Structures are given as structure tokens and as C-alpha cells.
Amino acid sequence: MSSGNSTSARDILKEVNSLVGFLVESGFADRYNPATILTSNGKDSVQHSKSGLISASFKSQSYRDLYTEQLESESFNVLMLDGALIQMAYEFESRKLTKHRLAFLPSPDLLEYQNNADIYSQEILFAEVVERTTVPVPIRFDFDNRPEVVKEVDHPACHLTIGQYKNCRIAATAALAPTAYINFILRNFYNTATRKISEKLPISDGKFAKSIHLSEQQMVHIGIPMIG
């Protein structure tokens, strides 16, 4: 994949579907929806074929309702073995990235894979691995560099949201390419002591340009591989 402003919607489409294929072949995907490109008003959107996306409701409804809504509408690129949903969506205009929304929604009920990998390696029904005490924490990386949206420190161009806190926006240095995002998910939620699944990811040099402000760099922030 090419990097920076030369990265196109087709580059991202190819990378997203390659990653989905990797998760399927590795046995981590229960169900999946391939990505496609939708073109409208001069903008190319790369998103899963069911077209639904997490919206403002991420912070305005109960997590269980949000998760159930996304699951029932099959609004995901990948449904993981432990019930977690992975969403990836990118928007380009004139070959320039304008937005992305990358979400990870763990199941409200099922045991998380990382701490219960042996259970998922056995052929048993999901009903047998329900954990009522699990506290799921959704995360989301958003990128939107439009001047009318960005507000230095308060609303960084790229930021990480943890949980459903209304004003949780942890600045990130740059937008995330798909491989960087999936690496983050696998490394932090699916690697185990004996299986480092993230180390087997397809290699990609895809990176986007720096978007963080100096004032945001002087605070706790998330470092993303970038080109400048």
C-alpha cells in the first residue's frame, strides 16, 4: 500500500479486505462482511457492505442497546469469536483522507478471548462461555480534519475515545491505517502468552501525515506511525 496523501480509497479497500481475510483464515472471525467503495458527491467511502456505522449514538444510549443494534444489523467488518465487533470506515475526497471511524465493541456477555483462549479453542456453544460479570469497554479511533470540526485540545483531528464518556478524546498523532488499527486490537485484546497473533499480520507500510497540534503533543497522547 502506498502512504500519505497518495493513499487512495482503493488502497484502503484492498488493505481492509486483506485484514478481514487474515482474521478469517486465522480462525478468529465468526462472521464477516467484506468492505466496498461507495461514491457520492465526489467522496469515496470505504466501509463494510452492510453500510451501517456507529454514530453519535455511541455516547447517547446504553452500551448493551448499542451493541445489540450493531450486531443485529450486521454492522461490522468482523464479528470475532468472543462476540466483539470490529468496524472500519474511511472517507476520501480527491484522494485525500477526510475521515475515518474505527471501532471495537466487545460483547456485553461473552468471555473475552485473551483471558479465556483455551475455552474458544474447543468446539462449544457460546452460551457456555457467558460471563455476567464482564465489563465491556468499547473503544473508537476517529479522524476528521475539517476546520469546522477540529478544536485544538478539546477536539483533536484524530483521537481515541474509551468507553462512552461524552468528552473523552485522547489526541493521536495521526490517522490510523487499517493494519495499524488491527495490530492495536490484536496486540491488546487477543495476544496470549503462547500465541502472538498480531505478529503474523500482513506487512503494510501504510501511514498518514501528522495531524496533531503542538499543544496536544505536550499532553498525554497516542503515538501513531506516521509520515511526517
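If you're wondering where the values come from, they're calculated on a predicted model, not measured in any experiment.
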How close do [X] and [Y] get, counting heavy atoms only, and between which atoms?
{"X": "Ala9", "Y": "Val46", "result": "O-CG2, 3.4 Å"}
{"X": "Leu201", "Y": "Ile182", "result": "CD2-CG2, 3.9 Å"}
{"X": "Ser107", "Y": "Asp82", "result": "CB-O, 3.4 Å"}
{"X": "Phe22", "Y": "Leu186", "result": "CE2-CD1, 4.0 Å"}
{"X": "Leu105", "Y": "Tyr67", "result": "O-CE1, 3.7 Å"}
{"X": "Ile185", "Y": "Ile86", "result": "CG2-CD1, 4.2 Å"}

Under a 3.5 Å distance rule, please check whether [X] uses its side chain to pair with a backbone N or O of [Y] as donor and acceptor.
{"X": "Asn17", "Y": "Pro34", "answer": "no"}
{"X": "Asn33", "Y": "Glu74", "answer": "yes"}
{"X": "Ser94", "Y": "Lys96", "answer": "no"}
{"X": "Glu216", "Y": "Glu152", "answer": "no"}
{"X": "Glu69", "Y": "Arg64", "answer": "no"}

Test side chain to side chain contact (heavy atoms under 4.5 Å, CB included) applied to Phe28 and Ile197, step by step: CA-CA 10 Å; Phe28 277 82; Ile197 186 65; 3.7 Å; yes
Under 3.5 Å, is there a donor-acceptor pair between the [X] and [Y] side chains?
{"X": "Asn145", "Y": "Ser211", "answer": "no"}
{"X": "Thr173", "Y": "Gln217", "answer": "no"}
{"X": "Ser198", "Y": "Asn183", "answer": "no"}
{"X": "Thr68", "Y": "Asp65", "answer": "no"}
{"X": "Thr98", "Y": "Glu93", "answer": "no"}
{"X": "Thr36", "Y": "Gln47", "answer": "no"}
{"X": "Gln87", "Y": "Gln70", "answer": "yes"}

Find out if a path of hydrophobic residues (ILVMFWY) with successive side-chain heavy-atom gaps under 4.5 Å connects [X] to [Y].
{"X": "Leu160", "Y": "Met219", "answer": "no"}
{"X": "Val150", "Y": "Leu176", "answer": "no"}
{"X": "Tyr181", "Y": "Leu19", "answer": "yes"}
{"X": "Ile212", "Y": "Ile222", "answer": "no"}
{"X": "Ile162", "Y": "Tyr190", "answer": "yes"}

Candidate pair His155 and Asn167, rule side chain to side chain contact (heavy atoms under 4.5 Å, CB included), full reasoning: CA-CA 9 Å; His155 200 293; Asn167 295 309; over 6 Å; no
Do [X] and [Y] come within less than 4.5 Å of each other through their side chains, counting heavy atoms only?
{"X": "Phe92", "Y": "Ser8", "answer": "no"}
{"X": "His213", "Y": "Val153", "answer": "no"}
{"X": "Tyr90", "Y": "Pro178", "answer": "yes"}
{"X": "Phe104", "Y": "Pro138", "answer": "no"}
{"X": "Arg146", "Y": "Lys99", "answer": "yes"}

Could you grab the distance from atom [atom1] of [X] to atom [atom2] of [Y], nearest 0.5 Å is fine?
{"X": "Leu71", "Y": "Leu66", "atom1": "CG", "atom2": "CG", "result": "11.0 Å"}
{"X": "Ile12", "Y": "Ile37", "atom1": "CD1", "atom2": "CD1", "result": "10.0 Å"}
{"X": "Leu13", "Y": "Met88", "atom1": "CG", "atom2": "CE", "result": "11.0 Å"}
{"X": "Ser45", "Y": "Arg101", "atom1": "OG", "atom2": "CZ", "result": "12.0 Å"}

Residues that Ala175 engages under side chain to side chain contact (heavy atoms under 4.5 Å, CB included), provided they are two or more places apart: Leu97, His100, Phe143, Phe208
Audit row: Asp44, Leu38, side chain to side chain contact (heavy atoms under 4.5 Å, CB included) steps and yes/no: CA-CA 6 Å; Asp44 293 322; Leu38 303 177; over 6 Å; no
Centroid separation Phe184 to Phe141 less than 6.0 Å: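 Judged by ring-centre distance (under 6.0 Å), Phe184 and Phe141 do meet the cut-off.
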Candidate pair Glu91 and Lys43, rule side chain to side chain contact (heavy atoms under 4.5 Å, CB included), full reasoning: CA-CA 7 Å; Glu91 181 183 279; Lys43 298 178 181 179; 3.6 Å; yes
Asp142/Arg169 ion pair, N-O < 4.0 Å: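 Salt bridge absent between Asp142 and Arg169.
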